[in-house]
Number of protein chains: 4
Amino acid sequence: MSARETAAADAAPVGRVQRKRDRRIQEILATAAELFGERGYDAVSLEDVAERLDVTKGSLYYYFPSKDQLGTSAIETLGNRWTERLEGLLATLDGPVHDRLRRLIAEHIGIAVRDYPAGLRLFLVPQDWPEQQREVIKALRQRHDRLFRDLIDEGVGSGSFTVTSVDSALRCMHASMSQSAVWFSGLRGERLDAAITELTDTLMMLVGAVPGPGPRPA
Amino acid sequence: MSARETAAADAAPVGRVQRKRDRRIQEILATAAELFGERGYDAVSLEDVAERLDVTKGSLYYYFPSKDQLGTSAIETLGNRWTERLEGLLATLDGPVHDRLRRLIAEHIGIAVRDYPAGLRLFLVPQDWPEQQREVIKALRQRHDRLFRDLIDEGVGSGSFTVTSVDSALRCMHASMSQSAVWFSGLRGERLDAAITELTDTLMMLVGAVPGPGPRPA
Amino acid sequence: MSARETAAADAAPVGRVQRKRDRRIQEILATAAELFGERGYDAVSLEDVAERLDVTKGSLYYYFPSKDQLGTSAIETLGNRWTERLEGLLATLDGPVHDRLRRLIAEHIGIAVRDYPAGLRLFLVPQDWPEQQREVIKALRQRHDRLFRDLIDEGVGSGSFTVTSVDSALRCMHASMSQSAVWFSGLRGERLDAAITELTDTLMMLVGAVPGPGPRPA
Amino acid sequence: MSARETAAADAAPVGRVQRKRDRRIQEILATAAELFGERGYDAVSLEDVAERLDVTKGSLYYYFPSKDQLGTSAIETLGNRWTERLEGLLATLDGPVHDRLRRLIAEHIGIAVRDYPAGLRLFLVPQDWPEQQREVIKALRQRHDRLFRDLIDEGVGSGSFTVTSVDSALRCMHASMSQSAVWFSGLRGERLDAAITELTDTLMMLVGAVPGPGPRPA
DNA sequence: TATGAATGAGCGTTCATTCAT
DNA sequence: TATGAATGAACGCTCATTCAT
């Protein structure tokens with residue numbers, strides 16, 4: 001290895017090998033999250049995960065020390081990607097807080113239904129998960145929660161929103177959004193878009209944005 | 001079995017025997033529902049159920065042909081009792097539809113948190129259940145759903161409620177109520193009452209009952 | 001169950017069922033001890049034990065909660081029986097301490113070679129065993145050790161024996177006796193008897209009982 | 001491979017390469033012997049060996065065709081070194097056979113405890129090893145055995161020693177010496193020296209060297 | 001009716017071994 | 001030479017299910 005390569009390695013120690021390994025890990029994680037989402041943690045065996053990846057069970061242990069760890073990592077990865085997308089969206093938005101919240105909700109549901117139909121139940125029933133995972137999930141949820149909470153706080157502060165309690169509203173919002181993929185799992189195209197809009201409008205009511213007879217903000 | 005015994009069986013005794021059997025079944029069902037609710041279907045073994053009943057595993061098979069059947073029956077029983085309580089309540093109510101819906105929601109949450117803290121997850125993740133059970137659960141939900149739907153329809157019809165869509169509002173309501181036992185599992189007494197009231201008020205917003213500055217109906 | 005039977009049960013709570021279970025447990029224990037002795041704890045799988053018993057692996061778990069527990073129990077049972085036999089022998093002996101020690105050693109070797117060819121290595125390499133078992137084995141050894149130690153102490157006190165140190169002598173004695181089954185595993189009948197006598201005589205030298213030119217005590 | 005390379009290989013380079021390979025093999029052997037000694041053959045994985053050598057598992061297969069072979073070679077190397085040290089010692093000794101045997105025993109124990117605390121169990125339980133290995137170990141033991149046997153034969157011939165049987169005495173001696181590292185594993189410094197002396201004296205009794213009241217030879 | 005016993009399939013995990021690079 | 005990856009058989013263990021009594 002030349003001095004230059006060494007320097008490069010020190011700066012970014014991910015060599016070709018490491019990158020390949022990382023890619024493989026992401027593959028496994030994606031597959032695992034998919035399956036856990038479909039059937040729940042307990043109901044998925046490592047055999048199942050391995051089979052969908054077309055490798056043998058034992059191979060998974062080359063990348064993860066246990067099923068629990070695989071589960072934790074899967075949910076963590078998925079949760080982070082999800083939150084990052086929402087954060088990215090928010091960064092591009094301005095305008096009335098009402099509009100921004102609508103976009104955030106709609107985007108969240110869209111991701112849930114379109115991109116991570118699996119992911120929902122990962123968040124939904126934390127009792128299913130071993131202790132250690134619960135912590136990870138909790139942290140994930142908090143980060144995720146903050147995006148919505150900040151907007152609602154802002155809206156309430158500016159008088160745009162009316163709520164019984166911010167916590168209550170947030171909880172109901174999340175409970176509903178978490179179920180959305182189940183509700184809409186059969187829909188595609190315009191039907192799905194309409195369903196998402198409808199659900200979004202309904203959820204906006206939780207912050208007092210009653211759909212008036214006049215034109216609603218798009 | 002002699003003719004006499006048969007006759008006896010046909011007359012009273014069978015009734016007695018049958019009643020005893022039914023009672024036993026109900027005991028088992030209650031215990032099973034309890035355990036499934038506490039830990040989830042997969043995490044409960046028949047050994048667990050048998051132990052809490054102080055019988056042996058094998059005995060359960062005298063009453064139920066499989067774990068799945070036991071699970072289905074447990075959820076069915078629990079769901080029916082639950083719905084019956086709500087139906088009973090509704091029968092005693094009159095007054096504005098707004099008030100009646102509030103009472104129904106509050107009662108539902110109360111049952112969920114206080115009486116069947118278990119029951120929630122039985123409803124929540126139907127994918128966990130084998131095909132056959134899913135049907136039972138679906139029917140159960142529909143009957144349950146109707147109570148709420150009828151009230152909302154009435155309110156919308158009379159102009160008391162405003163909704164984006166009845167279906168949407170119902171779904172969000174149920175999603176939230178289903179989670180309530182998880183949210184409030186740590187609360188007792190007045191704290192719990194307050195939490196239930198708050199959640200109820202929040203859910204009423206889904207039908208356009210924005211909490212005004214004036215006194216809200218109790 | 002009649003009152004009488006109940007009373008009997010209270011006094012000696014081992015019913016027919018319990019006795020049968022105990023007998024089965026003893027069978028399993030004997031087989032397990034045999035196998036562990038033959039190949040060592042690690043090298044024996046539960047499948048092996050089950051196969052020799054002509055049952056399936058899972059059945060063993062009806063009687064023992066883990067392989068470790070099975071191992072511990074096996075060694076404990078075997079060790080106790082062994083020690084009891086030696087204690088029984090000692091109780092019938094009198095005469096010079098020299099003669100009693102000879103008999104004890106010879107009997108110990110005889111049991112090792114003839115009755116528990118397996119048992120030796122159970123005592124020999126305690127590192128093979130999980131922590132918990134080590135304690136059990138240690139206690140077992142101490143009880144066993146005492147039989148020999150008391151005799152040697154007596155002999156040293158009365159001037160019959162000469163030792164560098166009682167501990168040293170005991171250790172060497174046990175190390176040698178533990179190996180005897182390996183050494184003599186191929187021998188039968190008179191050849192075996194002769195071998196045992198020879199080894200016994202050699203071990204007696206550890207307490208200063210040098211074989212003289214004259215007749216040795218039988 | 002070109003003729004030139006072949007030639008080169010035949011001449012010096014191969015020597016260098018071969019020597020390097022041999023050195024590597026010795027490293028591996030030493031590490032393996034260490035680990036096998038610490039935890040026992042079964043409890044050590046090739047992963048463990050590789051890790052301590054800071055190479056990958058697969059690399060070991062470049063030097064050894066199987067774990068069994070590695071085990072056999074490890075024990076062989078260790079046994080040879082051990083015997084050579086004893087042979088070396090014997091070559092420097094003269095004087096009474098009694099003194100020479102004492103030195104040999106003490107040295108053997110010293111090596112066992114101080115230098116190869118590992119080695120003991122390698123010799124102790126030959127049943128653990130596959131057939132092929134047993135042969136190697138047997139040969140090793142015989143060479144090793146001879147050192148002691150020759151001395152005892154000499155002593156018996158000259159009347160210095162009295163034994164029931166040379167074989168018996170040898171066996172007991174080895175059984176005890178094999179266990180010494182277990183017995184003394186916690187000791188250091190003077191305490192250890194004293195323990196070795198004591199054990200040596202005790203073992204000398206197996207050849208009739210009863211510790212007298214007078215000064216014993218150091 | 002109920003029990004104690006047994007079964008057999010499956011699970012998470014380990015590990016010696018193989019192999020393309 | 002050495003590595004990273006993968007394999008497959010085995011292991012300890014769990015559990016729904018069966019069955020003789």
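Chain A is the first sequence line, chain B the second, and so forth, proteins listed ahead of strands; every chain is numbered from 1.
Ranked by how close their nearest DNA chain E nucleotide is to the 5' end, A:G58 and C:L60 are led by C:L60. Each of B:P65 and C:D48 was matched to the nucleotide of DNA chain F holding its nearest heavy atom; the match closer to the 5' end belongs to C:D48.
For C:I25 and E:dA6, the CD1 to P distance is 11 Å, given to the nearest whole Å. C:Y61 has its OH atom 9 Å from the C1' atom of F:dC11, to the nearest Å. In this structure, B:Y41 atom OH and F:dC15 atom C1' are separated by 12 Å, rounded to whole Å. Atom CG of B:L53 is separated from atom P of E:dT1 by 16 Å (rounded to the nearest Å). What separates CD of D:E47 from P of E:dT17 is a distance of 14 Å, to the nearest Å. Look at CD on A:E51: it is 16 Å from C1' on F:dT7, rounded to the nearest Å. Distance, A:Q18 CD to F:dA5 P: 8 Å, rounded to whole Å. The nearest whole Å value for the distance from the CG atom in C:L46 to the P atom in E:dA6 is 15 Å.
One distance of note links CD1 of B:I75 with CG of B:L70; it measures 11.5 Å at 0.5 Å rounding. In this structure, the separation between CG on D:L60 and CG on D:L46 is 6.0 Å, given to the nearest 0.5 Å.
For B:Y62, a side-chain nitrogen or oxygen approaches OP1 or OP2 of E:dT1 to under 4.0 Å. Put simply, D:T56 has no side-chain N or O that comes within less than 4.0 Å of OP1 or OP2 on F:dA2. Residue A:R21 places at least one side-chain N or O closer than 4.0 Å to OP1 or OP2 of F:dA5. Distances shorter than 4.0 Å separate some side-chain N or O of C:S59 from OP1 or OP2 on E:dT7. Taking only side-chain nitrogens and oxygens, A:R24 comes nearer than 4.0 Å to OP1 or OP2 of F:dA6.
Residue A:K57 places a side-chain atom within donor-acceptor reach of the base of E:dG12, judged by atom type and a 3.5 Å distance cut-off alone.
Contact between B:D48 and B:A43 at its shortest, heavy atoms only, is OD2-O, 3.9 Å.
Remark: B:R52 engages B:E34 in a salt bridge, criterion side-chain N to carboxylate O under 4.0 Å.
In this entry E:dT3 has F:dA20 as its Watson-Crick or G-U wobble partner, both defining distances falling under 3.5 Å. When Watson-Crick and G-U wobble pairs are counted only if both distances are under 3.5 Å, F:dC13 pairs with E:dG10.
Residue D:V44 is classed as a sugar-phosphate contact, given heavy-atom separations below 4.0 Å to backbone atoms only. Residue contacts for C:F64: at a heavy-atom cut-off of 4.0 Å it reaches no nucleic acid atom on any strand shown.
Remark: side-chain polar atoms of B:Y61 are not paired, donor with acceptor, to backbone N or O of B:K67 under 3.5 angstrom. Side chain of B:T31 to backbone of B:E27: a donor-acceptor contact under 3.5 angstrom is found.
Between F:dC11, F:dA5, E:dA16, one nucleotide has an atom nearer to the side chain of D:K67 than all others, and that is E:dA16. For D:S45, counting side-chain heavy atoms from C-beta on, the closest listed nucleotide (E:dG12, E:dT1, E:dA16) is E:dA16.
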